[in-house]
Amino acid sequence: MKKGRELMIKIAGTLGLPAAMYIIMMILCFANGKTYFGSLAMWRSIIVNIAVSVSCAMGIGLQFKSGRFDFSGGSIMLVAAIVAGNAAKNHDGNLVLFGVLCIGVCVILSIGVALVYVYGRLPIMISTIGMALLYESITPLIFGGGGINLVGNMSLKKFSVYPGVLFPFLGSVAVYAVFSYLSKTGKQSVLLANNQGAAVNIGINETKNVIISYVYSGLIFGFATMIYASTAIHNASYTSLSTAGELFSNILPVFVGLYIGVFCGDTIGIIMGSISICLMTYGLQAILKAELGSAVSTAMMGIFVLLVNLAAGQSGNIKKIFAKMFAVHKKSRAA
């Protein structure tokens with residue numbers, strides 16, 4: 001009986017937020033005549049947004065849970081998208097070459113960030129911002145500074161439309177899950193994040209751990225780039241740290257996923273968080289004008305983060321309130 005109750009609590013905690021967001025957005029959309037919300041066509045459209053959000057969030061989250069706040073992921077993805085996209089276009093839209101280059105370039109550039117961090121002995125924020133600026137400075141120099149445009153290239157868009165988008169989506173989830181639950185590096189990363197001194201004292205090689213963890217995040221960013229490269233026109237970066245802002249628009253699922261992860265683990269938690277946020281964004285943009293919908297969804301995300309953090313910070317008091325309520329209810333029934 002107790003195990004059954006715990007299982008129901010975990011299921012409710014895992015599915016509660018996306019289910020509530022789906023119902024709320026459906027009511028709002030139907031009230032405004034947008035009856036296509038919830039249709040198969042909607043899900044085929046939104047799965048691309050969910051896949052990009054999940055893969056980017058997992059790339060950020062892998063380093064975040066290891067105690068590192070990395071700003072270089074967006075620039076890595078942009079360089080990889082330009083290199084892989086243009087090279088594949090020059091080889092008659094070779095999809096295999098495109099996928100291999102996306103992953104390969106992201107892994108190599110991620111290792112570059114790790115090497116600067118561990119051997120430069122600089123704080124992680126300075127290291128990653130410096131490498132982001134370096135990688136952004138490369139983008140105007142490669143392939144004539146033209147960026148990449150794969151929007152009309154149907155052979156290379158297969159990773160950003162259903163069902164092809166499921167391949168990079170599942171790939172990024174698999175890499176994150178292996179790192180978190182199966183790999184020795186992932187378990188050591190948690191120890192280093194919680195108490196670096198103690199972890200090093202028990203024999204964990206921090207340098208090796210950092211480099212291997214960046215290989216994992218590079219793989220995830222590689223899968224994310226497969227989708228990201230062909231979803232829009234990507235110009236070379238002429239504004240400092242413009243890629244950081246683009247990447248970190250997907251950080252909210254990390255925060256939400258860590259809270260939902262109490263019920264189901266952070267891998268599923270990030271997926272549930274991404275689904276919730278993508279449903280909210282899609283619904284608001286359907287109800288309002290595109291620009292206004294984006295602005296309102298951004299504001300709603302900020303409020304949502306505030307409420308989630310307040311709930312997390314006051315979780316002890318909330319539990320006490322519910323405990324008192326249930327105690328009063330039991331007394332009244334006994335009377």
Colleague: Can Thr128 and Ser72 be counted as having a side-chain donor-acceptor contact under 3.5 angstrom?
Modeller: no
Colleague: Indicate the atoms forming the closest heavy-atom contact of Val48 with Ser160, along with that distance.
Modeller: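 Nearest heavy atoms, Val48 then Ser160: CG2-O, 3.2 Å.
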Colleague: Tell me the closest heavy-atom pair linking Phe167 and Met226, and the distance in Å.
Modeller: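 The answer is CE2-SD, 4.1 Å.
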Colleague: With rounding to the nearest 0.5 Å, note down the distance linking CD1 in Ile227 to CZ in Phe169.
Modeller: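 Result: 8.5 Å between the selected atoms.
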Colleague: Which is it for Ser55 and Ser172 under the side-chain hydrogen bond (donor to acceptor under 3.5 Å, both in side chains) test, yes or no, and what are the steps along the way?
Modeller: CA-CA 6 Å; Ser55 53; Ser172 61; 4.8 Å; no
Colleague: Could you see if Trp43 belongs to whatever hydrophobic cluster contains Leu284? Use Ile, Leu, Val, Met, Phe, Trp, Tyr and a side-chain cutoff under 4.5 Å.
Modeller: yes
Colleague: Examine Leu170 and Ile103 and state if one hydrophobic cluster contains both, with Ile, Leu, Val, Met, Phe, Trp and Tyr joined whenever side-chain heavy atoms are less than 4.5 Å apart.
Modeller: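 Yes, it is one cluster - the side chains of Leu170 and Ile103 are joined through contacts under 4.5 Å.
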Colleague: Using the side chain to side chain contact (heavy atoms under 4.5 Å, CB included) rule, take Val178 and Tyr216 through it: C-alpha gap first, then chi angles, then the decisive distance, then the call.
Modeller: CA-CA 9 Å; Val178 168; Tyr216 277 97; 4.2 Å; yes
Colleague: Do Met8 and Leu15 land in one hydrophobic cluster if side-chain heavy atoms of ILVMFWY residues count as linked below 4.5 Å?
Modeller: no
Colleague: Using a distance-only test with no angle check, is there a side-chain donor-acceptor pair under 3.5 angstrom linking Ser39 and Arg44?
Modeller: no
Colleague: Quick one: OG on Ser230 to CZ on Phe159, what's the gap to the nearest 0.5 Å?
Modeller: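 Between Ser230 OG and Phe159 CZ, I get 9.0 Å after rounding to 0.5 Å.
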Colleague: Does any part of the side chain of Phe98, heavy atoms only, come nearer than 4.5 Å to the side chain of Lys89, both counted from C-beta?
Modeller: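 SC-SC contact between Lys89 and Phe98 ruled out.
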Colleague: Report yes or no: do Leu134 and Ile76 belong to one cluster of Ile/Leu/Val/Met/Phe/Trp/Tyr joined by side chain heavy-atom distances under 4.5 Å?
Modeller: yes
Colleague: Is the shortest heavy-atom distance from the side chain of Leu191 to the side chain of Lys187 under 4.5 Å?
Modeller: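 In short, these two side chains do not touch, never coming nearer than 4.5 Å.
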Colleague: Between Tyr181 and Thr267, is there a side-chain heavy-atom distance shorter than 4.5 Å?
Modeller: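 A side-chain contact under 4.5 Å exists here.
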Colleague: Before giving the answer on side-chain hydrogen bond (donor to acceptor under 3.5 Å, both in side chains), spell out for Tyr135 and Thr243 the whole-Å C-alpha distance, their side-chain angles and the decisive distance to 0.1 Å.
Modeller: CA-CA 10 Å; Tyr135 291 153; Thr243 56; over 6 Å; no
Colleague: Using the benzene-type ring in the case of Trp, are the ring centres of Tyr228 and His234 under 6.0 Å apart?
Modeller: yes
Colleague: Could you walk me through whether Leu95 and Ser155 pass the side chain to side chain contact (heavy atoms under 4.5 Å, CB included) check?
Modeller: CA-CA 7 Å; Leu95 192 63; Ser155 61; over 6 Å; no
Colleague: Roughly how far, to the nearest 0.5 Å, is CD1 of Ile275 from CE of Met280?
Modeller: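 The distance works out to 14.0 Å.
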Colleague: Of all the heavy-atom pairs spanning Leu122 and Ile126, show the shortest one and how long it is.
Modeller: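 Taking every non-hydrogen atom into account, CD1-CG2, 4.5 Å.
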Colleague: Determine whether the aromatic ring centres of residues Phe71 and Phe69 are separated by less than 6.0 angstrom.
Modeller: yes
Colleague: Check the pair Thr281 / Asn49 against side chain to side chain contact (heavy atoms under 4.5 Å, CB included), numbers first and verdict last.
Modeller: CA-CA 10 Å; Thr281 303; Asn49 298 330; over 6 Å; no
Colleague: How many angstroms lie between CG in Leu279 and CD1 in Ile50, if you round to the nearest 0.5 Å?
Modeller: 6.0 Å
Colleague: Could you tell me if the ring centre of Phe37 sits under 6.0 Å from that of Tyr22?
Modeller: yes
Colleague: Is there side-chain contact between Lys10 and Val262, with at least one heavy-atom pair below 4.5 Å?
Modeller: no
Colleague: For Ser217 and Asp70, does a side-chain donor sit closer than 3.5 Å to a side-chain acceptor?
Modeller: no
Colleague: Going from CD1 on Ile270 to NZ on Lys65, what distance comes out if it is rounded to the nearest 0.5 angstrom?
Modeller: 7.5 Å
Colleague: Between Asn94 and Val96, is there a donor-acceptor pair closer than 3.5 Å when you use the side chain of the first and the backbone of the second?
Modeller: yes
Colleague: Please check if the number of heavy atoms outside Phe30 that lie under 6.0 Å from its CZ is greater than 12.
Modeller: yes
Colleague: Answer yes or no: is there a side-chain heavy-atom contact under 4.5 Å between Ser237 and Leu78?
Modeller: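 Yes. Closest side-chain heavy atoms under 4.5 Å.
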Colleague: Where do Cys56 and Met77 come nearest, in terms of heavy atoms and distance?
Modeller: SG-CE, 3.8 Å
Colleague: My understanding is that a hydrophobic cluster links ILVMFWY residues whose side chain heavy atoms are under 4.5 Å apart, including indirect links. Using that, what else belongs to the cluster containing Leu101?
Modeller: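 Leu97, which link up through side-chain heavy atoms under 4.5 Å apart, make up the rest of the cluster.
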Colleague: Ignoring hydrogens, what is the shortest heavy-atom contact between Gly283 and Met25? Give both atom names and the distance.
Modeller: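 Reported closest heavy-atom pair: CA-SD, 3.8 Å.
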Colleague: Are Leu17 and Met272 packed together at the side-chain level, in the sense that at least one heavy-atom pair is separated by less than 4.5 angstrom?
Modeller: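 No, too far: nothing below the 4.5 Å cut-off.
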Colleague: Are Asn209 and Tyr214 linked by a side-chain donor-acceptor pair shorter than 3.5 Å?
Modeller: no
Colleague: Just wondering, do Met131 and Ser75 contact through their side chains at under 4.5 Å, heavy atoms?
Modeller: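 Heavy-atom side-chain distance check fails, nothing below 4.5 Å.
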Colleague: Set out, in order, the CA-CA distance, both residues' side-chain angles and the distance that settles side chain to side chain contact (heavy atoms under 4.5 Å, CB included) for Tyr176 and Asp266, then state yes or no.
Modeller: CA-CA 10 Å; Tyr176 187 87; Asp266 56 341; 2.7 Å; yes
Colleague: Distance-only, no hydrogens or angles: does the Thr139 side chain make a donor-acceptor pair with backbone N or O of Glu136 under 3.5 Å?
Modeller: yes
Colleague: Can you get from Ile24 to Ile287 by hopping between Ile, Leu, Val, Met, Phe, Trp and Tyr side chains that sit under 4.5 Å apart?
Modeller: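 Ile24 clusters together with Ile287.
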Colleague: Got a second to check how far Ile211's CD1 is from Asn205's CG, nearest 0.5 Å?
Modeller: 8.5 Å
Colleague: Can you give me the closest heavy-atom contact between Ala51 and Val165, atom names plus distance?
Modeller: CB-CG2, 3.6 Å
Colleague: Is any side-chain heavy atom of Val118 closer than 4.5 Å to one of Glu206?
Modeller: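 With C-beta onward as the side chain, the pair stays apart.
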